[in-house]
Amino acid sequence: MKLSIIPAPTVAGYLQGYTKAQEKVNEVYESRIPPEGYSLHIENSITLKASTKAGFFYGNQTLSQIKSQCGQNLQNCHIEDSPKYKYRGFMIDSARHFFTVKEIKRMIDNCAKFRFNVFHWHLTDDQGWRIEIKKYPEIIKIGSVRYGNYFRNEQNEKIYGGYYTQEQIKEVVSYAHENFMRVVPEIDMPGHTSALLAAVPSLCCGGKEVKVKTSAGIFKDIVCPGKESSYKILFDILDEVINIFPDEYIHIGGDEAPKNQWKSCPDCQFKILREHLKDEEALQGYFINRIAEYLESRGKKTVTWNDSLKSGNLKDSVTVQLWMDKKGLCNKCSNEIIASDFYHCYTDYPYAMTPLKKAYEYEPELNGKVMGLETPVWTEYISNINYMEYMCFPRFIATAQRAWSKNKIPYKEFKEQLYELSEYFSIKGMAPYKDWDPPKAERPKEIISHFGSIAPNEKIRKLFSDKNK
Ligand code: ACM
Ligand code: ZN
């Protein structure tokens, strides 16, 4: 019988005959097997070989999928498997909407089934700051609460808040580790910082008063990189972040930071002159580099969204996460890249815009600089865990397979296997099969209905024009 295994193994050969499912699994350490890889041999007995605990974990997952299909008599087979990319990530935005520790663990459980090994946790944004910082208690007191919710499908005056204590974060980190997953926190800066600026106004150009935002968007209130005091506060915050996230990487955002205020801020303009910077974009490069140097001094590596490449002076040692790179700067740079292209990997947009097939067919070509793939779920329009699962699954699984598997199985076959295994994976809110690839004729209506009044139809059409598909 032909077995369905997701993510698809590197090599799977079928052998004659069957083996009893209740045979004990012989786990054998074997140093030749790559980290996270495994070898599984089923023929009269069951032998699982690996060189790491993660390898045994993944091998047992494969065995469990085989058992779910074969019942008492396992198809004899030999499997050799190891990952294509060392970074296989998913991102959850806990800032726009807050998800409890229990819900975050539920997503970790779901994602561990597909061998994701990085949980990128977007913890701060304009609409809420969600991580306790002990040195500045006002950041949670003010920054974690917003007065009203004016999102597409949610319009009310309710007070909305939530944050994670440092103890809760440690609990999530250790839960992720039990599932062979690292956690990379994102503290977004200099943009997407309204919630921080509301609590610490001195971080803003001119010390302007800012409110925690109540709607989606890109906002002009951003951190002032001209003042030395900004760095002192940000380093203090990052010191606490470093203490609770043991991972080698810290993500510092860098996306969608409009430079309007920097243009008229005397501190920012003085910094540009003094550091001989070309313009405000170069000032963003200077800012990200300063933070990265600090993190390096504390033994950490930095990740920034690809917007920071516009500076022209970003340090090579900073890892770049590609999300929208219309100018192809990720091709030209020499930084290590995490690929998470908006048109393929974002799961907060409807299936009509990003059908499962489009997610599956993502193939970043960046001259060998890709460290891995990631699939983010932003939550401006996602306020509960069931809907999050609907949006992420199965699209997360498509990215997981492409990140793990060296073997590019045709889409049709992947979809059939996924359908066959969907009950086994048992993800409560997972989208039903009929929604995975909506018929072409129905897509424009669904896309326009998703965006509602946010953007004019013309703008939506341009965004999803053929050139972007
Ligand atoms: C992003 O989607 N603004 C990274
Ligand atoms: Zn400034």
Side-chain angles (χ1 to χ4, degrees), residues 89-96 120-127 184 186-194 196-197 200-208 210 213 216-234 251-275 277 279-284 286-288 290 303-310 319-326 329-330 337-349 353-354 373-382 391 463 468:
F90 67 99
M91 189 210 85
I92 297 176
D93 168 10
S94 282
R96 273 56 177 268
H120 166 185
W121 202 356
H122 185 81
L123 284 161
T124 67
D125 217 298
D126 296 300
Q127 299 81 0
V184 175
E186 181 182 351
I187 308 297
D188 205 344
M189 61 182 86
H192 288 286
T193 39
S194 304
L196 175 64
L197 302 176
V200 191
S202 68
L203 279 170
C204 202
C205 294
K208 191 171 166 264
V210 173
K213 299 295 186 284
I218 300 173
F219 300 95
K220 291 189 182 128
D221 300 313
I222 70 173
V223 166
C224 177
K227 289 186 275 202
E228 279 305 300
S229 57
S230 297
Y231 297 94
K232 159 89 178 59
I233 297 168
L234 294 172
H251 201 309
I252 56 165
D255 57 323
E256 299 177 318
K259 307 296 184 296
N260 311 52
Q261 294 181 353
W262 293 4
K263 286 191 174 136
S264 57
C265 168
D267 294 313
C268 287
Q269 291 305 313
F270 184 65
K271 187 68 90 186
I272 288 177
L273 273 177
R274 184 155 175 180
E275 297 295 332
L277 300 168
D279 54 14
E280 288 73 20
E281 288 300 344
L283 180 55
Q284 168 149 341
Y286 168 87
F287 171 80
I288 298 286
R290 277 273 307 263
V303 189
T304 181
W305 295 104
N306 67 263
D307 310 46
S308 295
L309 284 174
K310 282 190 275 179
T319 298
V320 170
Q321 181 163 6
L322 182 161
W323 75 279
M324 192 172 292
D325 182 27
K326 289 196 170 144
L329 299 178
C330 289
I337 305 243
I338 298 163
S340 55
D341 182 74
F342 170 89
Y343 295 100
H344 298 86
C345 303
Y346 276 33
T347 58
D348 40 316
Y349 291 93
M353 175 189 142
T354 313
L373 308 186
E374 185 178 301
T375 177
V377 59
W378 299 94
T379 61
E380 288 95 327
Y381 312 120
I382 298 177
M391 295 300 269
L463 197 57
N468 288 323

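Start at 1 and go down the list; that is how both ligands and their atoms are numbered.
Counting only N and O atoms by type, the side chains of Q321 and S340 include a donor and acceptor under 3.5 Å apart.
Protein heavy atom at the shortest distance from atom 1 (C) of ligand 1 is Y346 OH, 3.3 Å.
Taking the six-membered ring for Trp and the full ring otherwise, the centers of H120 and W305 sit less than 6.0 Å from each other. Between W121 and H251, the distance from one ring center to the other does not fall under 6.0 angstrom.
Expressed to the nearest 10°, the angle at the Zn ion (ligand 2) joining SG in C205 with SG in C268 is 110°.
Salt bridge D126/R96: absent, no basic N to carboxylate O contact under 4.0 Å. Between K271 and E228, at least one side-chain nitrogen of the basic residue sits less than 4.0 Å from a carboxylate oxygen of the acidic one, meeting the salt-bridge criterion.
Taking every heavy atom of E256 and a limit of under 4.0 angstrom, the matching atoms of ligand 1 come to 3 (N). Close approach of ligand 1 to W378 (heavy-atom distance below 4.0 Å) involves ligand atoms 1 (C), 2 (O), 4 (C).
Among the atoms of D255, some N or O lies under 3.5 angstrom from an N or O of ligand 1.
Here C265 meets the criterion, with an N, O or S atom under 2.8 Å of the Zn ion (ligand 2).
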